[in-house]
Amino acid sequence: FPTRRSSDLNLIPFTWVISRVFNALIMMIGVSIFLIKGKQTVKSNFLTVISISAGFGYFSYLIIHFCATSQNLPQTMFPGAVLTRPWDIVPLILFIFNGWIFYLFHRKQKRLLSYALILSVVPQVVLESHMAFGSQELNDAHFNIAHFLKIVSYLVPFLGLCLDYIYTYQGERMMKFALDDNRKSMESIVENVGAGIITFSEDLIIKSYNSSAEKIFGYTAEEIINQSALKIIPEEDLVSEKVSIDRKSTRLNSSHTDI
């Protein structure tokens with residue numbers, strides 16, 4: 001591990017600015033990638049996140065090593081000036097710009113996460129304003145307020161992400177239940193209808209066969225499913241107007257057993 005050489009008077013304000021710029025850039029680049037690329041496969045998104053994380057991780061190590069081992073870090077605090085911490089103007093501008101990027105992301109994907117990202121800009125801008133225009137020294141009121149707001153600014157998108165996941169998961173569960181109900185309802189209708197109903201694939205392999213069809217053709221579902229439709233329906237009838245291959249299904253009424 002690197003040995004610290006700079007005093008806290010220069011180290012803490014300088015590393016604060018670097019970390020804030022770093023945080024703003026991570027959010028900017030991350031959201032911009034998904035804004036530009038749009039919806040990709042899970043695999044491509046995962047590889048993108050891993051690659052970017054590795055690059056930022058290595059860059060973070062270089063910054064920490066430089067700050068911890070440098071003997072002469074630049075002065076970032078100017079007590080009594082209008083801009084007490086002028087370096088904090090850089091992350092302030094970046095976070096304001098992020099607000100515009102998050103808005104574009106929200107217009108493209110209206111989700112709880114995009115709402116949370118927009119809301120997180122408010123504490124980010126306020127805390128940077130406290131540091132740039134108010135903080136005169138380490139651990140003063142503006143300094144402590146900014147650190148508290150930094151926690152809030154991290155919690156807002158985190159909560160938005162969690163709620164977005166819960167909402168999406170619940171929506172998928174409800175959709176699955178609805179599809180299951182519809183499937184069971186259709187199966188019940190097909191099974192109990194008076195007409196014989198058969199469905200088959202493009203290569204004429206039977207996929208479903210209801211109880212009325214069993215009475216018409218004399219085969220049980222277990223015997224005929226995954227067999228060729230030619231076993232029960234003449235080939236000339238399969239290309240006739242009565243039975244259309246394009247529709248991949250045939251409805252046979254029990255009163256017309258001559259098909």
Side-chain angles (χ1 to χ4, degrees), residues 12-13 15-61 63-64 85 87-135 141-179:
I12 294 176
T15 54
W16 163 272
V17 173
I18 295 299
S19 66
R20 300 303 295 155
V21 170
F22 194 69
N23 176 249
L25 290 177
I26 286 178
M27 299 297 292
M28 181 187 302
I29 295 173
V31 175
S32 296
I33 289 174
F34 287 99
L35 186 63
I36 295 172
K37 295 180 66 174
K39 294 183 178 180
Q40 301 289 332
T41 62
V42 173
K43 182 177 180 180
S44 64
N45 281 339
F46 179 76
L47 293 176
T48 300
V49 170
I50 291 297
S51 301
I52 294 174
S53 298
F56 275 123
Y58 179 71
F59 187 58
S60 299
Y61 171 78
I63 293 175
I64 294 171
R85 295 191 181 206
W87 285 51
D88 277 276
I89 291 295
V90 177
L92 176 60
I93 294 173
L94 290 176
F95 282 118
I96 292 174
F97 183 70
N98 276 355
W100 178 69
I101 293 179
F102 297 162
Y103 172 72
L104 294 179
F105 179 70
H106 173 67
R107 289 185 60 186
K108 191 171 184 179
Q109 298 190 28
K110 287 183 171 59
R111 300 166 52 182
L112 293 176
L113 176 59
S114 62
Y115 277 115
L117 288 174
I118 294 175
L119 290 176
S120 70
V121 173
V122 176
Q124 297 280 24
V125 171
V126 173
L127 75 89
E128 287 302 333
S129 299
H130 273 284
M131 295 298 281
F133 300 99
S135 182
H142 292 284
F143 182 91
N144 293 330
I145 291 172
H147 279 73
F148 172 77
L149 290 175
K150 182 177 72 171
I151 297 174
V152 175
S153 67
Y154 291 162
L155 284 176
V156 170
F158 175 73
L159 292 176
L161 180 62
C162 293
L163 293 174
D164 193 55
Y165 174 79
I166 294 172
Y167 178 79
T168 302
Y169 177 72
Q170 289 179 339
E172 289 179 351
R173 285 191 62 193
M174 293 177 62
M175 183 177 296
K176 182 178 181 299
F177 289 148
L179 289 174

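- The side chain to side chain donor-acceptor pair (under 3.5 Å) contacts involving residues 20-33 comprise Arg20-Gln124, Arg20-Glu128, Arg20-Tyr154, Asn23-Gln124, where partners must be two or more places apart or lie in separate chains.
- Within the model, atoms OG of Ser153 and CZ of Phe148 stand 10.5 Å from one another, a figure rounded to the nearest 0.5 Å.
- The shortest side-chain heavy-atom distance between Ile151 and Leu155 falls under the 4.5 Å cut-off.
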Could you tabulate the donor-acceptor pairs under 3.5 Å formed by side-chain atoms of residues 95-106, not counting sequence neighbours?
residue	atom	partner	partner atom	Å
Asn98	ND2	Ala24	O	3.1
His106	ND1	Ser114	OG	2.8

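- Under the 4.5 Å side-chain criterion, counting only non-hydrogen atoms from C-beta, Trp16 is in contact with Lys150.
- Note that CG of Leu127 and OG of Ser129 are 8.0 Å apart. Values are rounded to the nearest 0.5 Å.
- Rounded to the nearest 0.5 angstrom, Phe143 CZ and His130 NE2 are separated by 13.5 Å.
- Between Ala116 and Gly160, the shortest heavy-atom contact is CB-CA, 3.6 Å.
- Considering CZ of Arg111 and CG of Leu117, their distance stands at 9.5 Å, rounded to 0.5 Å.
- Annotation: side chain of Met27 is not in contact with side chain of Leu94 (no heavy-atom distance under 4.5 Å).
- Of the candidates Leu163, Thr168, Ile166, Leu112 forms a side chain to side chain contact (heavy atoms under 4.5 Å, CB included) with just one, namely Leu163.
- Contacts of Phe59 classified as ring-ring contact (aromatic ring centres under 6.0 Å, His included), with partners at least two apart in sequence or in another chain: none.
- Taking all atoms of both residues into account, the shortest heavy-atom contact from Val125 to Leu92 is O-CD1, 3.6 Å.
- Residues Trp87 and Val21 are not in side-chain contact: their nearest non-hydrogen atoms beyond the backbone lie 4.5 Å or more apart.
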